[in-house]
Each structure stands twice: as structure tokens, then as C-alpha cells.
Number of protein chains: 2
Amino acid sequence: MGSYAMPPTLRFLLAARRSELHGLETLASTCELATRVSKLAHVLQKERGCSNLYLCGGQDTLRQTLAGLSSDASAVEEEVRRFLDRLEPDVTRSAGKARLLNCVAYALYRLDELPRLRGRIRDRRVVAEEAGAAFTKLIASLFALVFEAADSSLDAGVTQLLVALLNFMQGKELCGQERAHGVMGYTAGFFTEPQKARLLELADLQKRCFDGFAQCAAPDALAAWEQLAPGAGQVQRLRDMVLRTSDAARVDAGLAEVWFGVCTERIDAMRAVESLLAEALTLQCHRRIVETRAELDNHRLLLNRFADQARDDAPAMLFKLQGRILDVPPEDGVGEEMERSILDLMREQALRLRQSDDALALARGALEERKRVERAKWLLVSRYGVSEQAAHDRLQRAAMDQRRSLDEIARQVLIELEAAS
Amino acid sequence: MGSYAMPPTLRFLLAARRSELHGLETLASTCELATRVSKLAHVLQKERGCSNLYLCGGQDTLRQTLAGLSSDASAVEEEVRRFLDRLEPDVTRSAGKARLLNCVAYALYRLDELPRLRGRIRDRRVVAEEAGAAFTKLIASLFALVFEAADSSLDAGVTQLLVALLNFMQGKELCGQERAHGVMGYTAGFFTEPQKARLLELADLQKRCFDGFAQCAAPDALAAWEQLAPGAGQVQRLRDMVLRTSDAARVDAGLAEVWFGVCTERIDAMRAVESLLAEALTLQCHRRIVETRAELDNHRLLLNRFADQARDDAPAMLFKLQGRILDVPPEDGVGEEMERSILDLMREQALRLRQSDDALALARGALEERKRVERAKWLLVSRYGVSEQAAHDRLQRAAMDQRRSLDEIARQVLIELEAAS
């Protein structure tokens, strides 16, 4: 019996499950995009690092390495582009994907600029800072994509893993930025006070990201992460050395390559953790789809029998049914028992939705926080006409001065400025 | 040129607008469902009121009126069911509609019970309280549907109107409950102290709902609402009389019909305001769809020309284009100018999305508050095994004792209980 012969009540009960399944399938594609994008960000980080070394007075022999890294990145980029082409028709037909699609457009725009940038790097027609900044903008556009993926998830487990991935990617990106800053200082032989302060800040921000990752990662990713501790020790020793340098106390410029090597080894090792996170994400999506499909099939079977029963009044059939739902044989008033079971089913479904909503609200905590900080920042930009960076600095300074979290400051700004609007 | 011949960046920029349009079209259907459901709730409220009067010792002649009201309600129910049948395939294919569909199933389940209830009322085989409670449950299931419609809206303007409609429906429903309570007391000739307290509470809750409505309604609905003030005065005089009654100071039982008449006139007049709200909602959806479709067409035209330009390098064409976007003629470096314009377009789109997100967050305030109170309530239920009603009472009592809003209490409960989990 097709579900269209069912009474409307049961049909809509089934339709609710189908909508859930559909949502999970869309989410699985978005997650695949996120993991592909994390891989692209990784190879671009490597290319940025090597470009930086090359532009900071590295040997011409590096040009070969650089060409290899560029071609690696292009290959991954090509995969991402092909995946996007397949994804496009589906996503466009879905509501509420405007933000994600806009992020895709922006990331593609930045990727389109890449060939020209690479030419300028090869010919040393661009300074290290500018090239680094261009790569960093591109990588940030990829992160924004992963953020939107997390923001569109309606499954608590998936959201949690995406938040873990985002935190980890962000921490690793900060390691990459730290590597670039270190190369510049070590190449010069010493670090200025602002450079030292920036390095300390980058180390501090890294710690916060990795703490955030540790809060929501699965045990195997955590275990893999803990195995990276020795590499962190090496980096720390070179960080400590940075603080002892000055114009009067220079170190050998060759340390730039040592620093680069140590950092790179650590970052590459981090990629293994990132891959574990990506795998966990794929697995979780798959598991939820399989579960939901099985529940849908069970549901359909059950409701078909209800519908048959409603027509044929076959108590024997109902008995089996009752056993499955309530685990008690039906007593008198067969019709009422059946109705009560449908109601139970409906309540159970409503309860499950409510619980998954609660879990989602919890998992989204970190995302909501980031969105609040963004909203507060842009409110400052539009209200006072300051730059994005200035607004961000202002929030951060307020948090430090008042010894409160950035989120608390953002909440306060939102309350004050929105009340005044 | 079809959009598939476009460079991917431009294609995804267009896809973002198409997703927005698709979202608005789905939203328009959901809003139509909400307005149809508000009409159904209204006729059911009338039927409940008349049933109550009939069961509270009303004349047998009322049976004819009751039959008329039942058949009115059935006609509206039939329209809603037909609309749902048309809606089903679309909604089921959309992600994130599980909650809405579950609400539909539950409302249909309650509607299926209606014929039996009507028979019992006609034969006076049910007491007024029980019949009233059954109708109230059904009407609450319809309200839940409107709430889910509001909760799924991604358009700030539509959300605001749905919140206004919800508040108004809720206020009107409380008037209906007040009418039923009043009929019971006036029929008995006096009100007990708990009955008086309940009536005062219902009047207070009504005020809060209508204040909420007034905060987000359009001017014409507000003006229509203000014209209902005289009717409110009549109700108030009869409310005041309630307080002066007691076992020792009875009033004529005939006042039950007077009270019923005055309340009914006011509630019917309220339906006119509700209809204005529903019209405003339909208009808003339509306006946003027309706007977005026009923007999409413009966008498509513009991007097609960009794409042509990228291939043919036709500066004249680009000149016209530049004029449209930037209102300045291109200078040197035509290619760069074009790129800058695409970037402008992308920024503009991102800015618009951010602004509409901010507006949505503001408009959702009332919904988020209600969801928080619900979450806190269910957390109490699951943590302490109390009933839903007891949990609700506990929150309300805490709010009164601490002179804080229900929302503040809910926030605190969520922080404390979730931290402990």
C-alpha cells in the first residue's frame, strides 16, 4: 500500500520523517564540501608558507618546490570546483542557502586571482607581506564556507563535529600565520617589540582555538592531537628564543629555515588530526542518514498497518502492532488502543524533535557566540563609520580592560546599540 | 546566454539569489497555511462558545445554531485539508520542515476527533468543561502550527507580521476562554474566589498579548484594533460585576447570555483585525517575491554582460554596465574595473544578507523568548519528573516572586540545569 492511501494524519507523520531525512542528505553534501575545503585550505597554507620563505630572501632553488606546491593546490582546487558544479543544482533549489552560496562565489572569486598572484611571486614582483595577505584572504574565504556549513546544520552531532573542525582549522591557520611572522623576523636576525607582541598574541589565540576543539572533538581525534605535544615543545623553544632577540642581540638568519621546518612539520602533523575530524564528520552524516532511513521504513510499515487496521478492523494484526509499540497486548476497546498508540507515536516524535532541538542549541553555542561578535562588530562599523579592524580591536580592548569575555562585551554592545536604534 | 555559460563565480552569485527566491516562495505557502488556520481557529472558537452555552443549561433551540456553526467549521476545515494536500509534496521535499509537519499531523489527529465530540455535545453526553477542554486542545494544536510557520521564516518583515498575528490570535483565544469561564459563573449566578482569580489572570494575559501585537503590527491593523475600544468597555463593566458576586450576592442567570453576547460581539470584531493581519502577511510575501524576482532578473542581465565582456572584451558594453553599478565611467584598466565591480556586487549582497540577518534576529526576539521558556519548562519536567503544568507554574511563580520576567527566569534555569548536565 502506498503512503498516499493513508489517512492524512499518518501521512503527515511520515512526511515529517522524510523532511528530516532530506535535511540530513543535504547536510551530508555540505559536510563533504567542508572537508574538501579544509583540504584545499591546507595545501594553500603550505604554498603560502613556501612563498613567504622564497620572498624573504630564500634560494632560487625553492622555486621548484614552490611550483610543486602550486600544482598540488591546483589539483585540490580542481576537485573542489568539480564538486561545486555537481552540488549547485541541489543547493540552489533549497531555501536558506543564500549565505552559503554567496560564500562560495566569494571563495571562487579569490581563487580566480590566484594564477596572477603566483606569477608575481615567481618573478619576485610582490613583497612577502602582500603575498601572504592575499593567501590569507583566500584561506579566510574558505573558512567562511565551513562556518556557513556549520551554521546550516540542523543535527546536533554534526554541528558539534563541524565546530570542532572549524576550531581546529582556525588554530592551524594561526600556526601558519605564526610561521610566516617568525620567518620574517628570523630572516632579519631579530624581532621588534611589536613583532614579539604579535607572536605572543598568535600563540595565545591558537591555544583558545585548540581548547575549543578539545571540548567537542571525538576521542580518536583528541588522542591524535595529544600525540603532537613533542612538536609543540620544539616550536615553544624557538618561540622563547624570539623573545630574547633584539637589534643588539641578533641570531643567525639561517634559523629562519629551521623555524620554518619545525613549524611545517607540526602543521603537517596537524593535518592528520584534521583528516580524522573530516572522517568522523562523514561517518556521523552517514550514520544519521542510515538511522533515519531505517526509522522511516519502520514508521511507514507501522502506519500502513494502522491504516489497514482502520479499514479492515483486524484485531490480530493490531495485536502484533501493539506489541511493537507498547509491548503490551491490547485490552478492550481496540479502536481506542490504536488511537492511543498513534498519539504515543506522535508524542514520541515531538519529544525527539524537542530533544534534538535542545542538543542543537547547546552545540550551536560557539557559533552563536561568533555570530554575536560579528553582529556587534558590524553594528559599530555602521554606527561610527570605523573600519572593520578598528571595530574588532575596540571590542577586544573592552574585553581585556573589563576582564570579560568577548561574547559578554558583544552582548552588551548589541543590547545598547539595538536599544538606541 | 544561459547562466550555465557563465564563469562559476557569477553563477554562484546568481544561485544565492535563486535560493533566496525559493525560500520566499516556500514561506508564502506556509503563511497561507497560517492564515487559513487562523480562520479555522476562529470558527472553532465560535463553535466552542456556543457548545459551552448549550451545555451550561442553554435552551434546546441553541441546537440549531450549534449545527450551523459546526457546519461552518467543517467547511473551513475542508479548505484547510485541501490546501494541506496540495502543500504536502513541496514541504516534504524541503529540509527542516519536520517540526511543522509533525504539528500538522497532530492538528489533523485532533480534527479527526471532532465529529465524535460534536455528537456527544448534541446529546448532552459530555460536561461543559470537558467539551471546552477538547476544543481548546484542538485550537492550541492550530496555534502551534502558526508558531512553527513563524519559526521557519527567514524574512524579517514576514516574521514580524507572523509574530503580530500569533500574539493577536493568542489574545483572542484568551478572550474566548474568558467568555467560557464567564458563562459558567453567570449561569451559576455567582463566581467563587478561584474563578474570580482565573478571570483576572485571563484579562491580564490578554493585555500582554495585545501589547505584543501592538508592538509589531502595521498601522491599519492597529487603527482597526483601536476602534474596538468601546466593546472592550462593555466587557470591562461585566468583568467588574463578576468581582462583586458571591454565594450570598447572586445575579440573574440570564446575564450568562448577555455576557456571551457582549464577548462574542467583541471577538467577532477582532476577527476583522485578524483578517487585516492575514492580508498584510499575504501582501508582504508577495511584495518580497516580486522584489527578489526583479533583483534576480537584473542580476542575471548584469552578470551575463560581465560574462560576455570577459570573453569579447567590449569596452562600450562595459561602460554601460559600469554606469549601472557604480554610476561612474570606467577609467584605465578596464579589466580591473570590471573585477572591482563584481567585488562590489558581492560585498553588496553580503551586506544585504547580514543586514537582513540582523533584522531577522530582532524580529525573532519574541519567538526565541517563547522557545526558551518552553525549553526551560521541559528541562524541569525531565529533570524533576514533574508535570508540564507544574513546571510551567513553577517558572511563573519564580518570575512573580523575584519580580523578573518569565524570560529572565527561563534563561537562568537553562544556564543552571544545562551546566549541571
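Both backbone and side-chain heavy atoms feed into the values below; hydrogens, waters and symmetry mates do not. From a predicted model like this one, the values you see are computed outputs, not experimental measurements. Each chain gets a letter, A, B and so on, in the order its sequence line appears, and its residues count up from 1.
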- Segment of R17(B) engaging chain A (4.5 angstrom heavy-atom cut-off): neither
- Query: Is chain B contacted by the side chain of R110(A), its backbone, both, or neither, given a heavy-atom distance below 4.5 Å?
  - Reply: side chain
- Minimum heavy-atom distance L84(A)-F12(B), with the two atoms named: O-CZ, 3.6 Å
- Query: Can you tell me how far CD of Q355(B) sits from CZ of R375(A), rounded to the nearest 0.5 angstrom?
  - Reply: 12.0 Å
- Message: If we define contacts as heavy-atom pairs under 4.5 Å, which of A350(A), P8(A), S19(A) has the most with chain B?
- Response: S19(A)
Show the atom names and distances, to 0.1 Å, of all donor-acceptor pairs under 3.5 Å that link a side chain in residues 96-104 of chain A to residues at least two apart or in another chain.
| from | atom 1 | to | atom 2 | distance (Å) |
| --- | --- | --- | --- | --- |
| R99(A) | NH2 | L353(B) | O | 3.3 |
| N102(A) | OD1 | Q349(B) | NE2 | 2.8 |

- Which one, L13(A), L24(A), D357(A), L10(A), leads in non-hydrogen pairs under 4.5 Å with chain B? D357(A)
- Message: Any carboxylate oxygen within less than 4.0 angstrom of a Lys/Arg side-chain nitrogen, looking at D85(A) and R11(B)?
- Response: yes
- Task: Name the region of D358(B), side chain, backbone, both or neither, that has any atom closer than 4.5 Å to a heavy atom of chain A.
- Result: both
- Query: By a 4.5 Å heavy-atom criterion (distance strictly below it), what part of R352(B) contacts chain A: side chain, backbone, both, or neither?
  - Reply: neither
- Message: Taking salt bridge (charged side-chain N to carboxylate O under 4.0 Å, His left out) as the definition, give me every residue that meets it alongside K137(A), ordered by chain and number, with sequence neighbours left out.
- Response: none
